[in-house]
Structure formats: structure tokens, C-alpha cells
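Counting begins at 1 with the first residue of the sequence. Only this structure's heavy atoms are used, side chains among them; waters, hydrogens and symmetry mates stay out. Everything numeric in this text was worked out from a predicted model, so none of it was measured.
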Amino acid sequence: MTTLNHSRAVAPRSVRPAEAAALIGVCRDTVYVLMRSGRLRSVKLGRARLIPVAAIEELLSASEDFAA
């Protein structure tokens, strides 16, 4: 019998558009606009659209560079 160690939380590597919107601080529709424009990378896995957390970080750092 195997027991799982639940003491370590694993950070997700990708999130759905609604979760990405909450992380970025915009509405879900804005996330879809960013994906369509190519500014936010995403992958399609079956019917799900997933956004790598690294892509969110890239978007935010690019926005910081633009604002500076």
C-alpha cells in the first residue's frame, strides 16, 4: 500500500483562462483577447485551453519593460 505525502504543495505549471485572469488581474475576456493576439501563449489539450504559468510571467515582465 502506498501513502501520499500531502505536506508538499505542488505549484501548477498551467492554468485555465479564468484562473489566468485572476492571476493577471483582468477579466476572462481580456485573457482570450491576449491569446488571440499572440501576446499570451496557450496550448489546447483536448477541449481545454491551458496557459503555462511561465507565459503569464513573460507577459507581465514584458508589460513592465514596456511601462518603464
Side-chain angles (χ1 to χ4, degrees):
M1 186 160 113
T2 304
T3 58
L4 296 175
N5 184 359
H6 293 287
S7 63
R8 284 192 277 168
V10 177
R13 293 181 58 187
S14 62
V15 294
R16 292 182 179 258
E19 297 166 312
L23 290 171
I24 298 170
V26 297
C27 70
R28 192 185 66 165
D29 290 342
T30 301
V31 170
Y32 282 103
V33 169
L34 290 168
M35 288 189 297
R36 276 194 300 272
S37 71
R39 292 182 58 201
L40 181 61
R41 290 185 297 113
S42 67
V43 294
K44 182 111 179 187
L45 190 60
R47 292 178 62 190
R49 179 64 64 177
L50 298 173
I51 301 157
V53 173
I56 295 170
E57 292 169 354
E58 291 168 10
L59 174 73
L60 295 176
S61 68
S63 296
E64 287 176 0
D65 293 341
F66 181 72

Quick one, Pro12 and Glu19 - any side-chain contact, counting heavy atoms below 4.5 Å?
no
Distance in Å, Ile24 CD1 paired with Ile51 CD1, rounded so as to fall on 0.5 Å steps
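It is 6.5 Å, given to the nearest 0.5 Å.
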When rounded to the nearest 0.5 angstrom, what distance separates CG in Leu34 from CD1 in Ile56?
10.5 Å
Under the side-chain hydrogen bond (donor to acceptor under 3.5 Å, both in side chains) rule, collect the residues that match up with Glu58, sequence neighbours excluded.
Arg41
Tell me, please, which residues at least two apart from Ser42 pass side-chain hydrogen bond (donor to acceptor under 3.5 Å, both in side chains).
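Testing Ser42 for side-chain hydrogen bond (donor to acceptor under 3.5 Å, both in side chains), a comparison that skips the adjacent residues, returns Arg49.
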Considering non-hydrogen atoms only, spot the tightest contact between Leu40 and Ala55 and give its length.
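Leu40 and Ala55 have their closest heavy atoms at CD1-O, 3.7 Å.
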Heavy-atom closest pair (Arg39 atom, Leu59 atom, distance to 0.1 Å) is O-CD1, 3.6 Å
For Arg28, what residues pass the salt bridge (charged side-chain N to carboxylate O under 4.0 Å, His left out) criterion, not counting sequence neighbours?
none
Under a 4.5 Å side-chain heavy-atom rule over Ile, Leu, Val, Met, Phe, Trp and Tyr, are Leu50 and Val33 clustered together?
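No, because Leu50 and Val33 fall into different hydrophobic clusters, even though each may have its own neighbours under 4.5 Å.
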Given the rule that I, L, V, M, F, W and Y join up when any side-chain heavy atoms are under 4.5 Å apart, are Val43 and Val53 in one cluster?
no
